[in-house]
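Data first, discussion second: the structure below is written as structure tokens.
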Amino acid sequence: MIKAKCGHVVEKKYIDVHDGLCRKCHSNFSFILDIVSKGGDDALVQYWYGMILTNLSGVNKQESTCLIEHLIEYYRRQLVMVPSKERYIKKMLYMLNSLREPTDIEKLR
């Protein structure tokens with residue numbers, strides 16, 4: 001057993017096959033890439049809206065946090081690789097970072 005990039009402990013063969021991620025994190029990540037390839041950026045925004053409403057309410061905080069970390073890493077790489085989508089990618093990074101470290105509205109007063 002070995003620790004994957006995502007922090008989960010798995011068999012080494014899964015890390016070699018899934019870009020350093022555990023099976024579950026790789027599956028989640030692949031699902032999101034599939035949404036983008038089939039429906040484009042708007043489909044991904046719709047997916048995120050649904051995910052925020054259903055999954056980030058504390059039901060499974062560890063999985064949501066893990067997925068957010070993988071997506072931040074992915075979009076940081078995309079910012080360099082796909083400069084034509086810089087505006088969209090920066091919006092995604094802003095949203096993901098705000099999900100990772102939410103602002104306490106009471107502290108803004």
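Note that the structure is a prediction, hence the values are computed from the model and not measured. We're numbering straight along the sequence, starting at 1.
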Shortest non-hydrogen contact from Pro83 toward Val80:
CD-O, 3.8 Å
If you group Ile, Leu, Val, Met, Phe, Trp and Tyr by side-chain heavy-atom gaps below 4.5 Å, do Ile89 and Leu33 land in one group?
yes
Tyr94 side chain reached by Tyr75 side chain, heavy atoms, under 4.5 Å:
no
Should we say atom NZ of Lys24 is surrounded by more than 12 heavy atoms from elsewhere, each under 6.0 Å from it?
no
How long is the span from the CG atom in Leu79 to the CG atom in Leu93, to the nearest 0.5 Å?
6.5 Å
Please round to the nearest 0.5 Å and tell me the distance separating atom OG of Ser30 and atom CD1 of Ile35.
11.5 Å
To the nearest 0.5 Å, how far apart are NE2 in His70 and CD1 in Ile32?
10.0 Å
Exercise: identify the closest heavy-atom pair between Val9 and Met1
CG1-CB, 3.7 Å
Looking at NE2 of His8 and CZ of Arg23, how far apart are the two atoms once the value is rounded to the nearest 0.5 Å?
14.5 Å
Do Met92 and Gln78 have side chains that approach each other closer than 4.5 Å (heavy atoms only, starting at C-beta)?
no
If I take atom NZ from residue Lys91 and atom NZ from residue Lys85, how far apart are they, to the nearest 0.5 angstrom?
12.5 Å
Minimum heavy-atom distance between Cys22 and Ala4, given as atom pair plus value
N-CB, 3.8 Å
Rounded to the nearest 0.5 angstrom, the CG-CZ distance for Asn97 and Arg76 is 6.0 Å
Under the salt bridge (Lys or Arg N to Asp or Glu O under 4.0 Å) test, which residues partner Lys3, sequence neighbours left out?
none
